[in-house]
Amino acid sequence: MITLDNRLSISEVRRILIDNEEISISPAAMERVERSFRFLQEFSANKIIYGINTGFGPMAQYRVSDENLLDLQYNIIRSHSTGAGEPLQKECVKGAMLSRLCAFLQGKSGVHVNAVNLLKEFINRNIIPVVPQHGSVGASGDLVQLAHIALALIGEGDVFYNGRRCKASEAFQETGMQPLKMHLREGLAITNGTGVMTGIGLMNVIKARKLLDTALECSVLVNEIASSYSDFMAPELNSLKNHYGQSVIAERMAAMSASSKRLLSRSEVLYREHTESTFKHKVQPYYSLRCVPQILGPVLEVVDNAEKVLIEELNSVDDNPIVDPETQMVYHGGNFHGDYVSFEMDKLKIAVAKMTMLMERQMNYLFHDRINGILPPFLNMGVLGLNYGLQAAQFTATSTTAECQTLSNPMYVHSIPNNNDNQDIVSMGTNSAIIAARVIDNARQVQAIHLISVAQAVDCLNIENELSDRTRELYRKVRELVPVIIDDKPLYKYIEKLSTLN
């Protein structure tokens, strides 16, 4: 069990969202929540505070009478439950609830402890609100999508629970829990923040990191298949570029390939007397093989920075207004604005698209017999002309890579004023995160085909026992799920299996 107090790390987030590890809340964090609520309760008695006794957005100029204050909190939830499209992935919604919970535990939101406890129970019991993809402009937070989460918390929305979609009221009945009741500002606090884009973004970072790790292993394996010269990984070469990502990638590749019997030493093969005028084996391999540190280095740095930004966002106070018992003040500002997340998600999807392009080009090297000079066309181990090997799988990889390239256009710069121009510049952070998620899912499909291709190439050359320990392990993992392809057979189920691995 993970105890929430001040900060969560990406490894803890993964354990909560993917491994379904349960959470608890520290007494210190609960005390912060209670203190913030008590302060807001006293402070708001004779003052005008946005969203406590005023309307929302452009309606903030209208005071709400005391007898309607609780209705006000319900109204923002019901009125903003206007999302459209397919439901967000369950892990992303769980991440959104975790993000709201972490914000509340900072003790700067003025919510009642019941809101905190109910969010914790939804996370622990895997009660996942049904949240449509479309609706947020990422500025006053993820108002629409968060409203759908809040709708479930008050027992009026739909949820995924026990393997089915049902009404939230049914989940409350089955668990014996009580729906959330409003006190001061729970409706506004739950709907106002960057929780949804953060939840999606955290899953994107986790998946992108896994993609990068596997792309690195595949890159080592492709170089083994090609019997590349190993000096492109040399620290003496890569350290001269002054970018940490390039050096890290080169170091990791060198470590992965240390036990390989396939890579060539330039000193031993070429740095001696030669009489021939033409060399059959390439003196330098293609860019998609030898420029891996220069290509994946920037990708690593983007993933690292995205993780840093998303973890900072998760552990931030991102609603409005901010209730601060320490300074005895309620501050009005824009911590709900999602520019940090939006910008990082745009950069992440560009990096993942480039990584996908690298995998597609490495795959093309393996498929193109006139380029590699050592493998049958399309890795066809059957009868040429009668059988087709992985020819058609390349169509899927190429078209999916092209879609990644198109989707990589940025959302960050696509602000459209709305809300009577109250929201006159917005982040579109949730759109950016959703599109990044699409690019990442596409990349996983391309990588699945690439994994099939590198394993097939190993079998074409019968070099399993010459591989490094690390790449041999990768080869065997693929072979546990995908057989050697000799006779033509449908591959879509194998692609699906490999693309859905964590």
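- The backbone N or O of Gly95 sits nowhere less than 3.5 Å from a side-chain atom of Ser99 that would complete a donor-acceptor pair.
- Ion pairing of Lys108 with Asp318 is absent here, as no side-chain N (NZ or NE/NH1/NH2) approaches a carboxylate O to less than 4.0 Å.
- Using a 4.5 Å cut-off on side-chain heavy atoms (C-beta onward), Ile49 and Phe43 make contact.
- Looking only at side-chain heavy atoms (C-beta outward), Pro129 and Phe122 come within less than 4.5 Å of each other.
- Using a 4.5 Å cut-off on side-chain heavy atoms (C-beta onward), Ile452 and Leu498 make contact.
- Between the side chain of Gln145 and the backbone N or O of Gln133, at least one donor-acceptor pair lies under 3.5 Å.
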- Message: Run Val352 and Val299 through side-chain contact (heavy atoms from CB on, under 4.5 Å) and show every step you take.
- Response: CA-CA 7 Å; Val352 170; Val299 175; 5.8 Å; no
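- Note: Arg100 CZ to Ile190 CD1 = 8.5 Å, rounded to the nearest 0.5 Å.
- A salt bridge links Arg32 with Asp5: the distance from a Lys NZ or Arg NE/NH1/NH2 to an Asp or Glu carboxylate oxygen falls below 4.0 Å.
- Between Leu40 atom CG and Arg38 atom CZ the span is 12.5 Å, to the nearest 0.5 Å.
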- Query: What do the steps show when you test Val220 against Arg252 for side-chain contact (heavy atoms from CB on, under 4.5 Å), and what is the final call?
  - Reply: CA-CA 10 Å; Val220 172; Arg252 290 179 62 186; over 6 Å; no
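- A side-chain donor-acceptor contact under 3.5 Å links Thr191 to the backbone of Leu188.
- For the pair Arg185 (side chain) and Pro321 (backbone), a donor-acceptor distance under 3.5 Å is present.
- Inter-residue side-chain proximity for Leu358 and Ser219 is flagged as met; some heavy-atom pair is nearer than 4.5 Å.
- Counted within 6.0 Å of CD on Glu67, heavy atoms from surrounding residues, nucleotides or ligands total more than 12; the atom is thus considered enclosed.
- Summarising the geometry of Leu4 relative to Ala29, their closest heavy-atom pair is O-CB, 4.0 Å, with the distance given to 0.1 Å.
- Under a cut-off of 6.0 angstrom, the local environment of CD in Glu496 is sparse, with at most 12 non-hydrogen atoms contributed by other residues, nucleotides or ligands.
- Arg165 is listed as a side-chain neighbour of Asp158, based on a closest heavy-atom distance under 4.5 Å.
- Looking only at distances, no side-chain donor or acceptor of His450 sits under 3.5 Å from a matching main-chain atom of Val446.
- Here Glu301 does not pair with Lys347 in a salt bridge; the nearest charged N to carboxylate O distance is not below 4.0 Å.
- Judged by distance alone, with hydrogens and angles left aside, the side-chain atoms of Thr400 form no donor-acceptor pair with the main-chain N or O of Ala397 at under 3.5 Å.
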- Message: One pair to check against side-chain contact (heavy atoms from CB on, under 4.5 Å): Asn315 and Asn6. What are the steps and the verdict?
- Response: CA-CA 7 Å; Asn315 292 299; Asn6 286 319; over 6 Å; no
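- Between Asn305 atom CG and Leu310 atom CG the span is 10.0 Å, to the nearest 0.5 Å.
- Rounding to the nearest 0.5 Å places OG of Ser342 at 7.5 Å from CE of Met197.
- The side-chain heavy atoms of Val64 and Asp71, taken from C-beta on, include no pair separated by under 4.5 Å.
- Proximity of a side-chain donor or acceptor of Asp319 to a complementary backbone N or O of Asn192 within less than 3.5 Å is not detected.
- What you find for Ser26 and Thr3 is that their closest heavy atoms are N-CG2, 3.7 Å.
- Between the side chain of Gln362 and the backbone N or O of Ser288, at least one donor-acceptor pair lies under 3.5 Å.
- Screening Ile200, Thr430, Leu407 for a side chain to side chain contact (heavy atoms under 4.5 Å, CB included) involving Ile435 leaves a single residue, Leu407.
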- Query: Between Asn20 and Lys94, is a side chain to side chain donor-acceptor pair (under 3.5 Å) present by the stated rule, with each step listed?
  - Reply: CA-CA 10 Å; Asn20 293 319; Lys94 194 173 183 180; 2.7 Å; yes
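- No side-chain donor-acceptor contact under 3.5 Å links Glu313 and Thr198.
- Going from atom CE of Met253 over to atom CD of Glu251 covers 12.5 Å, rounded to the nearest 0.5 Å.
- Distance alone, capped at 3.5 Å, is enough to place a donor-acceptor pair between the Asn320 side chain and the Gly333 backbone.
- Counted by atom type alone, Lys349 and Asn204 present zero donor-acceptor pairs between their side chains at under 3.5 Å.
- A pairwise comparison of heavy atoms in Ala171 and Val159 identifies CB-CG2, 4.0 Å as the closest pair.
- The pair Arg164-Glu170 meets the salt-bridge criterion, since a charged nitrogen lies less than 4.0 angstrom from a carboxylate oxygen.
- Nearest heavy atoms, Glu12 versus Arg7: OE1-O, 4.0 Å.
- Checked by atom type and distance alone, the side chain of His183 pairs as donor or acceptor with a backbone atom of Lys181 at under 3.5 Å.
- Ring geometry, His112 versus Phe37: the interplanar angle exceeds 60°, so the pair is classed perpendicular (tilted spans 30 to 60°).
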- Message: Let's go through Leu101 and Ile23 carefully: what are the C-alpha distance in whole Å and the side-chain angles of both, what is the deciding distance for side-chain contact (heavy atoms from CB on, under 4.5 Å) to 0.1 Å, and is it a yes or a no?
- Response: CA-CA 11 Å; Leu101 181 56; Ile23 58 175; 3.6 Å; yes
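- Enclosure of atom CD in Gln328 by more than 12 non-hydrogen atoms of other residues, nucleotides or ligands within 6.0 angstrom is indicated.
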- Message: Show, in sequence, the C-alpha distance, side-chain angles and deciding distance for Asn53 and Lys47, and conclude whether the side chain to side chain donor-acceptor pair (under 3.5 Å) test is met.
- Response: CA-CA 9 Å; Asn53 47 24; Lys47 300 175 182 67; over 6 Å; no
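- A salt bridge is absent between Glu312 and Lys308; no separation between the charged side-chain nitrogens and carboxylate oxygens falls under 4.0 Å.
- If you take CG on Leu451 and CZ on Arg444, they are separated by 11.5 Å, rounding to the nearest 0.5 Å.
- Closest approach of Ala147 to Ser81, counting heavy atoms only: O-OG, 3.5 Å.
- Applying the 6.0 Å contact sphere to OH of Tyr244 captures more than 12 heavy atoms from other residues, nucleotides or ligands.
- Between Leu202 and Ile311, some side-chain heavy-atom pair lies under the 4.5 Å cut-off.
- When Phe160, Phe172, Tyr161 are each tested for a side chain to side chain contact (heavy atoms under 4.5 Å, CB included) with Ile127, only one passes: Tyr161.
- In this structure, the side chains of Ile128 and Met97 come closer than 4.5 Å at one or more pairs of heavy atoms.
- Minimum heavy-atom separation, Ala443 to Leu211: CB-CD1, 3.7 Å.
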